[in-house]
Amino acid sequence: MIAILAGRNSLSTILTCAVWCLVAIASVGWTRHGGSSAMIWPANAILVASALCMRNFDWRLFPPLLLVLSTLVNLGDHRPWVTSVGFAGANLVEILLAVFLARRFSPISDFFEHPGWAFRFALVTAMAVICSAAVAAEALYFSEGRGWLGGATAWTMAHLPGVLITVPVLLALNPYDTKGNPDHDSPSSLVAGGLMALVAGAAIVVYGQAHYPFQFLLLPPLLLATYHLYDKGAALAVAIIAMIGSYFIFTDVGPRMPFHGPDSLRVYIFQLDLATIFFCALPLGAVLAQRDQKAALAERRLRDFRHLADRVGDVLFRVDAFGRWSYLNPASEQLFGVPVEYRLGQHMLESVIPEDRPPLSRALSELVSGNREDLRQVVSICRRDGTIRHVEILAHRLDEDLGYGGLIRDVTEQFTQDEQNRRIAEANEHAANTDELTGLPNRRAFFQALHACMAQHGAKIAVAIFDLDHFKLVNDRYGHPIGDVVLRRVASTVLAAVRDGDMVARIGGEEFAVLITDQNPEQAISLARRLVRAVSSDSIVVPSGPTLHVTISMGIACHQPDEDHAALIERADQALYVAKRGGRNRLMIAEDTLAEQTANST
């Protein structure tokens, strides 16, 4: 009915007021009791529901039209002019206030969607009816001399249930421009008809006899209808109960009251019973609607996730608490080389190469036990065709007893490129620290090693510096290629004579340095002497040339407390200078150098 009457012009407002007039005449004619007001008044609820639903309700035409129609209805009921006008004003106040408060505190967009809506609507309806009852009671008091409290009570008992019941029923049965519930799968017409028949049967049993108080029988079919049909089921069930109960009560067949009182009291209690059970069912319908909406939203999100997961190039996975695959997206088939169905249920570590399993297993155990919240690790897997792929596993712990999930990314190309870059970097670093001619570490590498050793070994360091005696004569007589052969042979001779932990470096043209570690001064000096003797006793066979014998001059300095590397090198270099000046082919110790320089100066 609301959908038919709702429109965008004054005609729909006129038609709505005409419907109000017909319902008002019926209420006055059928339910008026003892000269008082009507005992049932659903007419105002029609205008309230229409005003809430109609987009362009004509608020300029509605008030005077309602005042005129309401006055005429009451005059037709032989009411005095003052009472008729007062009742008309009370109806207008009730409708305007109910619409305003409902829009303010219980907007139509939230009807039947939140459990709190029924409570808020009941409050705003009670406020509107109480205000209208005050106006109507004043009219009865001044015009007919009736008691103010009695008139207000009679008005409230008739109007409050009418608005409380009829407005939600109309909104639920004929919603206009309101949110539906497209996610709810409505039952078949046969099921809906069966539910309404069950409600009607219960109403007949309750109100068709006067001996037993069976009102509790109404609740199960009402809740069942609400469970399956939501707010529409509750509204339709209450409408059926109201029609059947009204018929039996007004034909004096309905159940008797457990106490004495006027017949109007039976009607009021009947209406309050309807409002009570209806407003118990509405929150249930709202909760069920929210449940279905959330379930549908979760289902849509799951579909969206699966839609995206099926198109992601990386592997998305979930593993249960026992380490078995419980979900894999289609990308896993390309990575592992087997269908997804084949992998599900198998242990995650089966595809990992044996040497990578222990560290990954320990990390996953920590993840499952809660000792860590996430994991990021690169391992190698063996595909079904035997090829090896490098993958990066990013896993996050799920809720307790649900295992973990995450992403697996194929990083084989990146891993290969990183390995190549690492090797290139190592080669560049080696080239930057290596003498090209002899293959020994160069000056840069020697000083880096010296700094590191001084920080680690403290005083157990000795530096020996030597160069070839009369090497310029070799180059001048035999040429630089032969000189290069000599340099390489001396380098290999010295390298063969030192320990594995010592370092031999070429720091100049024919100048070399030896870094001796973890040796006391006596041991370091003994090693230096062996080096001088090894070079001098070696014969250098030059291809297509003579056999050469070369010697070296060497100076050695042992590290002293609080001495930096520059001072250590300076002392070794001064010792070398003294060895060369003293006749070459000899070793000079830095401490002896100082003594000799002092003797020469004296």
Side-chain angles (χ1 to χ4, degrees), residues 426-453 457 461-519 523-558 568-569 572-573 575-577 579-580 583-589:
E426 289 179 353
N428 292 334
E429 180 70 15
H430 183 267
N433 292 321
T434 303
D435 176 55
E436 185 178 358
L437 176 63
T438 63
L440 295 176
N442 58 15
R443 183 182 186 89
R444 175 173 177 265
F446 177 80
F447 279 98
Q448 287 179 349
L450 177 61
H451 289 164
C453 288
H457 300 285
I461 298 173
V463 173
I465 300 177
F466 68 90
D467 63 10
L468 277 66
D469 297 331
H470 306 296
F471 183 69
K472 185 176 182 301
L473 296 178
V474 175
N475 282 331
D476 292 344
R477 179 178 297 180
Y478 302 105
H480 287 283
I482 300 300
D484 292 344
V485 172
V486 172
L487 288 174
R488 285 194 291 268
R489 183 55 181 265
V490 170
S492 62
T493 300
V494 174
L495 188 61
V498 299
R499 301 172 306 143
D500 290 339
D502 298 332
M503 180 181 188
V504 181
R506 184 185 178 196
I507 61 175
E510 69 270 18
E511 188 175 15
F512 295 80
V514 181
L515 177 60
I516 305 170
T517 59
D518 294 331
Q519 296 286 301
Q523 293 170 328
I525 293 170
S526 177
L527 175 60
R529 287 197 177 100
R530 289 199 303 271
L531 297 179
V532 174
R533 289 195 298 267
V535 174
S536 63
S537 62
D538 188 31
S539 298
I540 304 174
V541 180
V542 179
S544 302
T547 298
L548 301 179
H549 294 273
V550 296
T551 60
I552 61 174
S553 298
M554 180 181 291
I556 185 171
C558 297
L568 179 62
I569 295 295
D573 197 55
L576 171 61
Y577 173 75
K580 293 174 70 68
R584 293 182 168 83
N585 191 23
R586 65 180 60 195
L587 171 68
M588 187 62 66
I589 303 169

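For reference, positions follow the sequence shown, starting with 1.
- No side-chain heavy atom of Leu495 sits under 4.5 Å from any side-chain heavy atom of Phe512.
- Here Arg533 contributes atom CZ and Ile552 contributes atom CD1; the two are 11.0 Å apart, rounded to the nearest 0.5 Å.
- Among all heavy-atom pairs drawn from Leu531 and Ala497, the shortest one is CD2-CB, 3.4 Å.
- The OG1 atom of Thr547 lies 9.5 Å from the CD1 atom of Ile540; values are rounded to the nearest 0.5 Å.
- Atom CG of residue Asp469 and atom CZ of residue Arg584 lie 5.5 Å apart, to the nearest 0.5 angstrom.
- Two residues are said to be in side-chain contact when any heavy atoms from C-beta on lie closer than 4.5 Å; Thr551 and Arg586 fail this criterion.
- The shortest non-hydrogen separation linking Ile465 to Ala572 is CD1-CB, 3.9 Å.
- Residues Asp518 and Gln523 have side chains not in contact (no heavy-atom distance under 4.5 Å, counting atoms from C-beta outward).
- Atoms CG and CD1, on Asp573 and Ile507 in that order, are 7.5 Å from each other to the nearest 0.5 Å.
- Between the CG atom of Leu527 and the CD atom of Gln519 there is a distance of 7.0 Å, given to the nearest 0.5 Å.
- The shortest heavy-atom contact between Val532 and Leu587 is CG2-CB, 4.3 Å.
- The two residues Ser553 and Lys580 make their nearest non-hydrogen contact at CB-CG, 3.6 Å.
- Here the side chains of Phe471 and Val550 are not in contact, with every heavy-atom distance at 4.5 Å or above.
- Counting only heavy atoms from C-beta outward, the side chains of Leu450 and Ile461 approach each other to under 4.5 Å.
- In this structure, the ring-ring contact (aromatic ring centres under 6.0 Å, His included) partners of His451, at least two apart in sequence or on a different chain, are His565.
- Once rounded to the nearest 0.5 Å, the distance linking CZ of Arg506 with CZ of Arg488 reads 10.0 Å.
- When the side-chain contact (heavy atoms from CB on, under 4.5 Å) test is applied to Asn433, the partners found at least two apart in sequence or on another chain are Glu429, Asn442, Arg444, Ala445, Gln448.
- Using a 4.5 Å cut-off on side-chain heavy atoms (C-beta onward), Ile569 and Phe447 make contact.
- Side-chain contact between Asp502 and Thr517 is present, with at least one heavy-atom pair separated by less than 4.5 Å.
- Counting all heavy atoms, side chain and backbone alike, Ala528 lies closest to Met554 at CB-SD, 3.6 Å.
- Between the side chain of His549 and the backbone N or O of Ser537, no donor-acceptor pair lies under 3.5 Å.
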Listed pairs under 3.5 Å, donor-acceptor, residues 472-487 side chains, sequence neighbours left out:
unit_1, atom_1, unit_2, atom_2, d
Lys472, NZ, Asp476, OD2, 2.9

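- Shown here for Leu576 and Phe466, the closest heavy-atom pair between the two residues is CD1-CA, 4.1 Å.
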